[in-house]
Every structure is written in C-alpha cells, then in structure tokens.
*Asks:* 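Dumping the structure here so I can ask a few things about it.
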2 protein chains.
Amino acid sequence: MASVFPIADLRRSNDPFAWMNSIIKGDCVSALEALPDHSVDVIFADPPYNLQLGGMLHRPDQSVVDAVDDEWDQFASFDAYDAFTRAWLLACRRVLKPNGTIWVIGSYHNIFRVGATLQDLNFWILNDIVWRKTNPMPNFKGRRFQNAHETMIWASRDSKAKSYTFNYDALKASNDDVQMRSDWLFPICSGGERLKGEDGKKIHPTQKPEALLARIILASSKAGDVILDPFFGSGTTGAVAKRLGRNFVGIEREQDYIDAASARIDAVEPLGKIELTVMTGKKAEPRVAFNTLLDSGLLKPGQVLSCDKRKHSAIVRADGTLVSGTEAGSIHRVGARVRGLDACNGWTFWHYEDQGKLKPIDDLRSIIRADMAKLS
Amino acid sequence: MASVFPIADLRRSNDPFAWMNSIIKGDCVSALEALPDHSVDVIFADPPYNLQLGGMLHRPDQSVVDAVDDEWDQFASFDAYDAFTRAWLLACRRVLKPNGTIWVIGSYHNIFRVGATLQDLNFWILNDIVWRKTNPMPNFKGRRFQNAHETMIWASRDSKAKSYTFNYDALKASNDDVQMRSDWLFPICSGGERLKGEDGKKIHPTQKPEALLARIILASSKAGDVILDPFFGSGTTGAVAKRLGRNFVGIEREQDYIDAASARIDAVEPLGKIELTVMTGKKAEPRVAFNTLLDSGLLKPGQVLSCDKRKHSAIVRADGTLVSGTEAGSIHRVGARVRGLDACNGWTFWHYEDQGKLKPIDDLRSIIRADMAKLS
DNA sequence: TGCACAATTGAATCGAGGA
DNA sequence: TTCCTCGATTCAATTGTGC
C-alpha cells in the first residue's frame, strides 16, 4: 500500500489502475495526463496560495513567524498564477467522472482567481464553504482583522450534472438533526496530528486537519469511491480516505513530502463496515406504493383519510386511489386538488385514525419498510 | 438632508460638493464620473449578484420562495458581468482618496469574479470577511449545504497605501479585548428594520442589516469621513453613516428605492460624540453538534455508547450517526426509538465509559464548550 | 393582558426517472 | 430531446391569531 510511482513507470504499466491507492511522483499536470478519463469520483485540491509576503514578519516578542515562503508558492504575476490554475483544473476536469465533484481550498490571496477560473471552465459551483479556525494565528501588527478562516469551493463538473453524491441525511443526523451549514468550525492541525521531522520542525507548512477532510469525504463520496488529491503534500487526503474506506491517489513533486505521507498512510487502519455505513433518507429507501398498504391490510377499502386538521377528507378505494367529492386519483393528486395546489406529498398530508389519534399514512409505510428490511 | 440629484443637475452645479449627503439618481458609472477625484474615504458596494436561477422554488409546504429575479440582476454572460464589474470598480478607484478603502459584498455567484477583478485593477486585498447569518434560508431540496453566509472583500487602493483607517483598538475593546476576527455573526435584516410598502411587502429584495454596516463603518472610517455607496438600494449605508456622524453619498437608479431611502435617512437621528465609542456586543455561545465530539477525538467511530443502566447500547459511526440494531440516525432519534418514545435528548441519554464508569456524553460537550470559551 | 400556537419569510445558481 | 409523473424537502425569527 501507498506505493510511489514516477510518472514514466505509470505510463509503462499494463494495469490502467496501477495508480490506485498510491502516490504519483511528478508535476501535477503531467501526472494527471497519465490517468484515464472519468476515473475519479472526488477531487480535493489544496493548490499553492500565491502568498505575496514582503519581508519577514515578527511577533511582538521579536520572534520570527515561520511563514510560507517555499519556492513552490512563488508566481511571477496573477497571469502566471491564472495560467497554472487553468492548466491543472482542465486536467482535473478530464479525469473527473461526469457526476464527480471537486473541492478547492484557498485564502483571499488565490481563492477569487480559482473560483473565477472554475466558472470560466464551466464547472458549476454548488457551495462555497468557510472553514472557521478555532485557533488562527493572530494579526501581530494590528493593521487588519485577524485572518480566522479559509474558503473552500465545492463544484460539480457542469450545471447539468445533478446526480453528484451528497450525503445530506448523514450530515443532518450528525448535526443534531438540522441541516449542515456552509460555515464549519475546526481547529488548525497541531499537536500529535501534525507531522514533524526528527528536528521537531513541521514537515509541511500547510498541513490540513483530518477532521476537515473527513467531513468533505463523508459529505461528498461513498465507500469505495476514488479520491484524488493533485497537491498531496503531507497526505491528509490519503490518510483520511483510507480510514474511511475510500480509495485515493495523490500527486506530489517533493520527495520529503512523499516519504512522510507514505509512512503516515501505511499506519492508518481502515474502519469497519458498521462504522462506515452512511445514514440515508427516504430517497434511498425502496419505493413503497400506496396500494401496498391495502395489500397488507394496514388500510382497508372504504376507510376515511383526512388531513391533520380534519379539514379535508377522502375515501380509500379498492384500486388504491382516493376519492374526495368530485376529485379522484392518487394520494398525491387528490391531496393537491383539495388544497388547490399543483403538488402535494400525499404520504405526509393524509392521516388515518388510530385509537382516536390522527397519524400520517407515512407511518404505515415505515412499517412496511421495516418488514422489508427484516426479509433482506 | 437626503436631497436627490439627477446626474445632469450635479454637473451643472457650481458647488463641487453639492452631492454630499444626498442621493444621485442615475447609472452607477455615469454618476461616479460626475464626482471629483479623490473625494471619498470609504466605499461600500453591494452590486448585483448575477444569480442564475432555474425555475420556481417551492418550500416543503408548497409555498413559493420569493426569489431575486429583478431585471437589474440579469446579465447575459460572465463576460458581460466582468465588464460591468470592471467599469464600476475603475470609476470607484478614481473617486477614492489615496488612503481610502473599498468594501464589496457578494455570494459565490459573483464574489470570485469581483475579487479577481479587484486584484487585476491593482486594488490590494486587506481581508475577506465572512458574514455568518444567524437565520439563513434553508436548503429546501437537501441537495447542498445550507447557504449560511455571504462574503465581503476589504481592499485598499493599492499595495503601497499603508495609511488607511483601521480602528483596531476600538474593535478589540468592543470584542472583549481580543482582536476582531474575519468571521462576523449577524441576523439577516428583518422585523421592524426591514422597509416595507403599504402592501406589507419588502421594498428591496436584499436590504442589508444596519449592524453589518455599522461594524464596517466603525472599523474603517473616522467621524466626518465620506462614505460612498454606488448601489444605494434601500439606503442602509446612508442611514448608518448619518447615525454614526459620517457623511454619505448614494447612487441609485430606481425611483422607488430612492424614495424609501430618502425618507428613511431623514428619520435618522445622529448619535452624539459620547455614544460614538464602543457599541457592539457578542452573541450567545454556538451550538455544539454531536459530530464535534468525533472531530475533536473525544469519541471515536466504532465506540459503544449505552444508557445509564446499560439496557440499551449503540455504536458510533464515522458520519456522526448512531446505529442500534435496526435503528440508525442522530443521537436523539436512536435514543427515542430504542425507548419507544417520540423524542429523547441524546446528550443526557447516551453514556460513554470512562475508567469503568458511565458518563453522559453531555460531559464531553461541556469540555468542548469550555475550550471554546477559552478561545473567545 | 398574556401566553401558546400558527403562519410567514429570507440574495437559491435546490429531483429523478421513465415515456 | 422534452414532457410528465411520482414524491421528497426547511431553520430561525418575527408577526399574527385565538384562548
């Protein structure tokens, strides 16, 4: 596991998926070009931020801030950065499956250029997500607001791709039953999670926290999916993907980062099936038609259904339709007509009486579904 | 006060500052061209967002969402929007003083294009600021994350402008003596503050909250400064500027908006010198969701939780849900189901084992809250 | 008058699948 | 390709209504 491929070896390989769960060593765009079309489900990209630092930054105690001044973060101009962004995004686009999605993280130095380029290349932005840091670096000079967040863009391949993976129900259930918002709160990567060399210095300047990647992967992929990270760095994406039962592929140029990431991923133990099962809603459950309730005897022909206020009522007919006054048809159609609307979810609108109490017929559907689950 | 000038009248005027504390009626760029060079200290701009909506959006109860579909928000293409953005930003640049700053607010639909254009025009981004909404509109279809924030960019005229106004100490003092972060929490504009017509309908579809403008103006201007808003709308910028002892000038095309803004500003009573000190407070502590315990490592996927008598137990899954037999879902739902109840507080019902003793998971939440309190 | 509950609403790029 | 049917889906805050 976590083997490393120089790009040339990959091109020579007979196995078109030799790169699965490994790190490709080399330039981002060249490596992407060695991958097959439509082969990955989710891309997470943490590209160079193009920070434009003047001189050294000192803390109030005169110590020097260890800033990101690596060679790979230097670009001559916005035009050069835009050309670079365009190139790797185009290469990503080709390897992404039609219903795949891409995440890109950045700061105000680069994220506006990345977002505009995404739109220019016809990607379709689904959300921008704010990572709020619990423990950001202070602004030492007191000349600006404390830079306490980073921005992520989540986009599908184009506006017509509607079947992308989004585990809405799992996210909602994990968030005390309210839907997940676009602002997330996490600590920056530090402590034991932060990879350090023998000298005690951090191996990578911008290592992302695993909790951030875990939410991204749990939200937008399924177990067994392939997650690509074209700027692999310290390998957080690979480590979390492996732990969560996903496949990964990383691209990285620097041997030091590759060594650290490879060892890190080898040490990861994948979670079991039970821990990985994802909460789903009714959308994913087997379809139960209304007449199933009649077939099973939970409802009987001639029985009266009503809305929760007993303002409207309807009679169940033997063929699985309802009739209410002059209106007749499916539970949905009759519900819509009596309310004077175009549409209506009959499952939640219509109620039956049980021991003097009105309960939605959706409860009866749940009983059927529970029985079906036992059988399978 | 709050007089209205057609652009032609302004050009004909002998007083070069006739526009002070008034609304200029007309096209944004033409009006800006009628103003003198280097005449304003701060610009706040809330340009059209270029929303690209499909059809109508219905709530679960079938009511229709009153979307922003105004003519002024329609652009033929990204290129057309970029040209528009470039034109008004260039015009703003000329009227801005050398040490003046500009704020632009937007959503993911337009903010990346605005940010890139700002950089292309040599503006120097000082911060991007996130406005987190306490009460955003939900995502009704469950296909994305709830869109719970908007983004503002704060920029100086160029990288060499170092003497811009930033009231660092006032902000820090108003924020319990810690420096102000880049993520701000405010409710959307509603209730008595929201301007409504005689029919009870909102006058402007996107009226911004006064608290937001107050923080912006208090942070980046001095009493007596001139604040320009090239997309004046309902006049929030003018109303807050007047209240805070600043001068304003607004540009607006629509007579209905001008009428409402003018009346609104006339009703504003400026604050005295003493009140103009510290006036922002902090919001109540944020909700801690169950998955925060996983993110922080206090609980791990696969871990077993039980009720206080060990009668019921459940397994923690990686997505932040529980599973117990055939029941799965949030801590609250699974708690309710295994007890046969409609509702259950999962925080006090479920326990984890610590040195042989069962403790409610609410204890772990308290730990998180204590950590958060330390940070704020 | 006060409390409880119902109704309304906000910058939204908001289905899936079969005929 | 479009058209049509089935049926899934909301949070916080304010305002209005009924007891």
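Lettering of chains follows the sequences in order, A, B, ..., and the numbering in each one begins at 1.
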*Asks:* With the side chain of B:R194 defined as its heavy atoms from C-beta on, choose the nearest nucleotide among D:dA12, C:dA11, D:dC11.
*Replies:*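 My answer, after comparing the listed nucleotides, is C:dA11.
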*Asks:* Could you tabulate the donor-acceptor pairs under 3.5 Å formed by side-chain atoms of residues 331-338 of chain A, not counting sequence neighbours?
*Replies:*
{"unit_1": "A:H332", "atom_1": "ND1", "unit_2": "A:G346", "atom_2": "N", "d": "2.9"}
{"unit_1": "A:R337", "atom_1": "NH1", "unit_2": "A:E327", "atom_2": "OE1", "d": "3.3"}

*Asks:* Keeping to residues at least two apart or across chains, list the salt bridge (Lys or Arg N to Asp or Glu O under 4.0 Å) pairs with something in residues 142-152 of chain B.
*Replies:*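 Only B:K133-B:E150 qualify under salt bridge (Lys or Arg N to Asp or Glu O under 4.0 Å).
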*Asks:* Please report the distance separating the P of C:dA11 from the corresponding atom of D:dC6, rounded so that it comes out in whole Å.
*Replies:*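 Per the computed distance, 36 Å lies between those P atoms.
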*Asks:* Indicate whether the side chain of B:S77 and that of B:D79 have a donor and an acceptor atom separated by less than 3.5 Å.
*Replies:*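 Short answer, no.
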*Asks:* Among C:dA12, D:dA8, C:dA11, which is the nearest nucleotide to the side chain of B:M137?
*Replies:*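 The listed nucleotide nearest to B:M137's side chain is C:dA12.
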*Asks:* So is B:R365 actually on top of B:W347's ring, under 6.0 Å and inside 45° of the axis?
*Replies:*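 Flagged: B:R365 positioned over aromatic ring of B:W347.
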*Asks:* Can you say whether a donor on the side chain of B:D46 sits under 3.5 Å from an acceptor on the base of C:dA11, or the other way round?
*Replies:*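 Between C:dA11 and B:D46, which were checked side chain against base, a qualifying N/O pair under 3.5 Å is present.
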*Asks:* Please check if any side-chain donor atom of A:D128 sits under 3.5 Å from a side-chain acceptor atom of B:H149, or the reverse.
*Replies:*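 Side chains of A:D128 and B:H149: pair found under 3.5 Å.
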*Asks:* Name the nucleic acid region contacted by B:P209, choosing base, sugar-phosphate or nothing; use a 4.0 angstrom heavy-atom cut-off, strictly under.
*Replies:*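 Answer is nothing: B:P209 stays at 4.0 Å or more from every strand.
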*Asks:* Looking only at side chains, do B:K208 and B:T236 share a donor and an acceptor under 3.5 Å apart?
*Replies:*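 There is no such pair between these side chains.
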*Asks:* Is the shortest side-chain N/O distance from B:K133 to OP1 or OP2 of D:dC11 below 4.0 Å?
*Replies:*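 For B:K133, the contact criterion (side-chain N or O under 4.0 Å from OP1 or OP2 of D:dC11) is not met.
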*Asks:* Of the candidate nucleotides D:dC11, C:dA12, C:dA11, which contains the atom at the shortest distance from the side chain of B:W72?
*Replies:*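 Among D:dC11, C:dA12, C:dA11, the one nearest the side chain of B:W72 is C:dA11.
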*Asks:* Looking at B:W184, does the NZ or CZ of B:R215 lie under 6.0 angstrom from its six-membered ring centre and within 45 degrees of the ring axis?
*Replies:*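 B:R215 over B:W184 ring: yes.
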*Asks:* Could you tell me how the ring of A:W103 sits relative to the ring of A:W154: parallel (under 30°), tilted (30 to 60°) or perpendicular (over 60°)?
*Replies:*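 Parallel, since the angle between the ring planes stays under 30°.
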*Asks:* CD1/B:I111 to CD1/A:I125 distance, rounded to the nearest 0.5 angstrom?
*Replies:*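 Rounded to the nearest 0.5 Å, the CD1-CD1 separation comes to 11.5 Å.
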*Asks:* Identify, with sequence neighbours excluded, every residue that meets side-chain contact (heavy atoms from CB on, under 4.5 Å) alongside A:R86.
*Replies:*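 A:T117, A:L121.
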*Asks:* Using the side-chain contact (heavy atoms from CB on, under 4.5 Å) criterion, which residues pair with B:A116? Sequence neighbours excluded.
*Replies:*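 Only A:R113, A:A116 meet the side-chain contact (heavy atoms from CB on, under 4.5 Å) criterion with B:A116.
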*Asks:* With sequence neighbours left out, write down each residue that passes side-chain contact (heavy atoms from CB on, under 4.5 Å) with B:M137, or none if nothing qualifies.
*Replies:*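 So B:M137 forms a side-chain contact (heavy atoms from CB on, under 4.5 Å) with B:V65, B:F140.
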*Asks:* For the side chain of A:V178, counting heavy atoms from C-beta on, which of D:dA8, C:dA12, D:dC11 is nearest?
*Replies:*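 Nearest listed nucleotide: D:dC11.
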*Asks:* Restricting to nitrogen or oxygen on both sides, can you table the protein-nucleotides 15-19 of chain C pairs closer than 3.5 Å?
*Replies:*
{"unit_1": "C:dA16", "atom_1": "OP1", "unit_2": "A:K162", "atom_2": "O", "d": "3.4"}
{"unit_1": "C:dA16", "atom_1": "OP1", "unit_2": "B:R143", "atom_2": "NH2", "d": "3.3"}
{"unit_1": "C:dA16", "atom_1": "OP2", "unit_2": "A:K162", "atom_2": "O", "d": "3.3"}

*Asks:* Collect all protein-nucleotide pairs involving nucleotides 5-9 of chain C in which both atoms are nitrogen or oxygen and the distance is under 3.5 Å.
*Replies:*
none

*Asks:* What nucleic acid atoms does A:R181 come within less than 4.0 Å of, heavy atoms only: base, sugar-phosphate, or nothing?
*Replies:*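 If one applies the 4.0 Å heavy-atom cut-off, A:R181 turns out to touch nothing in the nucleic acid.
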*Asks:* At a heavy-atom distance below 4.0 Å, what parts of residues 331-345 of chain A sit against DNA chain D?
*Replies:*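 Close to the strand are A:H332, A:A343, A:N345.
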*Asks:* Can you build the contact string for nucleotides 14-19 of chain D? Use B for base contact, S for sugar-phosphate-only contact, and - for no protein heavy atom under 4.0 Å.
*Replies:* SS----
*Asks:* For DNA chain D, produce a single dot-bracket line, 5' to 3'. Pairs: Watson-Crick or G-U wobble, both distances under 3.5 Å. Symbols: ( ) within strand, [ ] crossing, | other strand, . unpaired.
*Replies:* .|||||....|||||||||
*Asks:* If the plane angle is over 60° it's perpendicular, under 30° parallel, otherwise tilted; pick one for B:Y81 and B:F75.
*Replies:*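 Geometry flag for B:F75 against B:Y81: perpendicular rings.
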*Asks:* Describe the nucleic acid contact of B:D73 in one word from base, sugar-phosphate, nothing, applying a heavy-atom distance below 4.0 Å.
*Replies:*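 Answer is base: heavy atoms of B:D73 come under 4.0 Å of a base.
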*Asks:* Would you mind classifying the nucleic acid contact of B:G233 as base, sugar-phosphate or nothing, using non-hydrogen atoms under 4.0 angstrom?
*Replies:*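 B:G233: no heavy atom of the nucleic acid under 4.0 Å.
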*Asks:* Could you work out, with side-chain contact (heavy atoms from CB on, under 4.5 Å) as the rule, every residue matching A:T277, not counting sequence neighbours?
*Replies:*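 A:T277 satisfies side-chain contact (heavy atoms from CB on, under 4.5 Å) with B:R317 once adjacent residues are dropped.
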*Asks:* Pick the C1' atom in D:dT10 and in C:dG10, then give their distance to the nearest Å.
*Replies:*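 These two C1' atoms come out 12 Å apart once rounded.
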*Asks:* Measuring only the C1' atom in each nucleotide, how far is C:dT1 from D:dG18? A whole number of Å is fine.
*Replies:*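 Approximately 14 Å lies between the C1' atom of C:dT1 and that of D:dG18.
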*Asks:* Between D:dC6 atom C1' and A:R365 atom CZ, what is the distance in whole Å?
*Replies:*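 Rounding to the nearest Å, CZ of A:R365 and C1' of D:dC6 are 11 Å apart.
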*Asks:* Determine the contact category for A:Q179: base if any of its heavy atoms lies under 4.0 Å from a base atom, sugar-phosphate if only primed atoms, P, OP1 or OP2 are that close, otherwise nothing.
*Replies:*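 Here A:Q179 touches the backbone only, sparing every base.
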*Asks:* Nearest of C:dA11, D:dA12, D:dC11 to any side-chain atom of B:N135?
*Replies:*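 Looking only at side-chain atoms, B:N135 lies closest to D:dA12.
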*Asks:* How far, in whole Å, is D:dG7 from C:dC14 if one measures between their P atoms?
*Replies:*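 One P to the other, the span is 23 Å.
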*Asks:* Assess, by modelled atom type and distance only, whether the side chains of B:Q255 and B:D259 contain a donor and an acceptor separated by less than 3.5 Å.
*Replies:*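 The criterion, which ignores hydrogens and geometry beyond distance, is satisfied for B:D259 and B:Q255.
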*Asks:* Could you state the atom-to-atom distance from CZ of A:F349 to P of D:dA8 in whole Å?
*Replies:*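 Value for this atom pair: 16 Å.
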*Asks:* Got a sec, which residues hit salt bridge (charged side-chain N to carboxylate O under 4.0 Å, His left out) with A:D225, two or more places apart in sequence or on another chain?
*Replies:*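 Salt bridge (charged side-chain N to carboxylate O under 4.0 Å, His left out) check on A:D225 returns nothing, list empty.
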*Asks:* Under 4.5 Å between any side-chain heavy atoms of B:I102 and B:L89, yes or no?
*Replies:*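 In short, these two side chains touch, coming nearer than 4.5 Å.
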*Asks:* Hey, which sits more toward the 5' end of DNA chain C by its nearest nucleotide, B:P136 or B:H109?
*Replies:*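 Upstream on the strand: B:P136.
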